[in-house]
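Presented below is the structure to which this report refers.
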Amino acid sequence: MTAYDIIAKKRDGGALSPAEIDFLVQGFVAGSVPDYQMAAWAMAVFFQGMNPRETGDLTMAMVRSGDQINLGSIPGRKVDKHSTGGVGDKTTLVLAPLVAAVGVTVAKMSGRGLGHTGGTLDKLEAIPGLRVNLTEDEFLTNVKNLNIAVVGQTGHLVPADKKLYALRDVTATVNSIPLIASSVMSKKIASGADGIVLDVKTGSGAFMKTTEAAQELAQAMVAIGAHVGRETVALVTDMDQPLGFAVGNALEVKEAIQTLQGAGPEDLTELCLTLGSEMMALAGMCEAAAQGKEILRRAIADGAAIAKFKAFVAAQGGDSKVVEDLTLLPQAKYVLPVLAEQSGFVHSIAAEEIGRCAMRLGAGRETKDSTLDLAVGVVLAKKRGDAVSAGDPLAYMHVNDSGKTSEVATMLKGAFAIGSDKPGEHALIYSRITIHGVENL
């Protein structure tokens with residue numbers, strides 16, 4: 001068996017055996033398969049694709065390349081959630097404590113942001129003192145005691161994915177469904193989850209710009225889950241405008257706290273209730289989505305959800321007093337409105353452009369080495385379908401460097417499309433995908 005033969009087989013459209021895939025992945029991590037051969041293989045996959053069995057085998061080969069978290073000492077089914085990324089996507093900050101408050105065990109490993117999408121770890125670090133780098137003992141203890149811990153991925157978790165992604169990034173092979181699906185699912189499986197809920201974003205602020213592409217990716221990931229014995233459910237959800245109103249690390253933490261207190265944006269609240277009911281079903285805690293949603297609504301109304309958030313923050317070294325005093329979060333020096341120049345209705349908001357505005361202000365990383373300003377960002381004043389008069393605020397810039405405001409204000413205005421007529425309703429959740437098929441919602 002040689003890397004050359006495996007590359008040629010895939011180039012010609014052949015299906016690779018589990019042994020061939022494992023040989024290639026483990027050799028790449030060990031250094032016996034050089035970058036140029038792995039790049040050639042990735043390009044062959046880009047054009048020829050992989051069948052569901054191959055994609056599942058690739059996922060597990062990447063899982064075996066490094067550490068795997070053993071959650072066996074924690075009773076019950078452990079359910080993880082993953083979002084494919086978007087603008088203003090602070091669902092983990094709401095969802096993890098919310099479902100933990102009703103008894104779902106969430107042992108979550110999250111990542112950092114790059115570019116126009118934010119990272120959960122960066123947002124959590126806006127809370128004074130909160131640590132995302134826990135020891136394995138601390139991680140497991142918090143999960144056992146509180147049903148929740150959210151930490152950074154260890155350096156030895158799925159090293160094949162990290163190395164392969166870096167190669168794909170510079171060889172124009174990122175946009176391949178089998179490679180994306182195996183990348184996401186390898187990290188979820190190595191993290192020890194029994195069940196996985198996927199939030200697959202589609203629209204202007206998502207990696208998958210069309211619902212068809214998002215659905216194809218969702219189906220591929222659900223198939224991987226079935227292949228390796230992890231029950232997996234995916235929802236295809238809207239990212240044609242930012243989720244909620246806040247885009248920026250401390251600003252999103254503030255909005256998440258308000259949502260857990262029952263005063264959050266309608267779209268963020270509804271999405272978290274829907275994803276949470278799916279997590280409850282996978283954990284065996286409810287039979288129907290409507291039942292799960294009602295239980296979660298009660299946890300918000302009776303204070304259990306925000307109490308769990310406070311306990312989670314304190315257990316990871318953070319100042320839980322932020323819940324009562326949001327000014328303890330990092331605050332920008334200036335809050336500047338961006339005003340509409342015409343009247344009408346908001347027809348669309350270019351989510352990716354809003355994310356880029358926040359990044360320009362310092363809320364996101366333009367490169368992996370960029371330093372974040374946790375206080376800055378953008379807070380929308382209008383959402384799609386809202387009426388607007390000339391001179392009304394469209395958004396507010398939270399800034400520390402006033403030299404950036406003119407450029408960003410122009411970008412923000414350009415992100416809003418305003419028309420004379422009120423646009424029709426827009427779906428928040430498009431479809432639900434399981435191994436049994438696609439349910440359009």
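Fair warning: this is a prediction, and the values are worked out from it, not measured in the lab. What's counted below: heavy atoms across the whole structure, side chains too, no hydrogens, waters or symmetry copies.
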Stepwise side chain to side chain contact (heavy atoms under 4.5 Å, CB included) check, Leu140 with Ile74: CA-CA 8 Å; Leu140 292 175; Ile74 300 169; 3.8 Å; yes
Cation-pi, Phe416 ring and Lys382 (6.0 angstrom, 45 degrees): no
Cationic tip of Lys201 above Phe207 ring, under 6.0 Å, 45° of axis: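 Judged by the rule (NZ or CZ under 6.0 Å from the ring centre, within 45° of its axis), Lys201 is not positioned above Phe207.
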[Y] versus [X], side-chain donor and acceptor atoms under 3.5 Å:
{"X": "Asp137", "Y": "Thr135", "result": "no"}
{"X": "Thr237", "Y": "Asp199", "result": "yes"}
{"X": "Thr259", "Y": "Lys90", "result": "no"}

Short N-O contact, Lys187 and Asp161, less than 4.0 angstrom: yes
Candidate pair Leu326 and Gln258, rule side chain to side chain contact (heavy atoms under 4.5 Å, CB included), full reasoning: CA-CA 10 Å; Leu326 294 172; Gln258 292 169 333; 4.0 Å; yes
Full working for side chain to side chain contact (heavy atoms under 4.5 Å, CB included) between Val323 and Gln261: CA-CA 9 Å; Val323 169; Gln261 292 171 326; 3.6 Å; yes
Chi angles and distances behind the side-chain hydrogen bond (donor to acceptor under 3.5 Å, both in side chains) call for Asp373, Asn400: CA-CA 8 Å; Asp373 184 338; Asn400 282 322; 2.7 Å; yes
Residue pair Thr232 / Met185, side-chain heavy-atom distance below 4.5 Å: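 Thr232 vs Met185: side chains touch.
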Val197 side chain reached by His82 side chain, heavy atoms, under 4.5 Å: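 No, every pair of side-chain atoms sits at 4.5 Å or beyond.
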Greater than 12 external heavy atoms within 6.0 Å of Glu266's CD: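 At most 12 heavy atoms, drawn from other residues, nucleotides or ligands, come within 6.0 Å of this atom.
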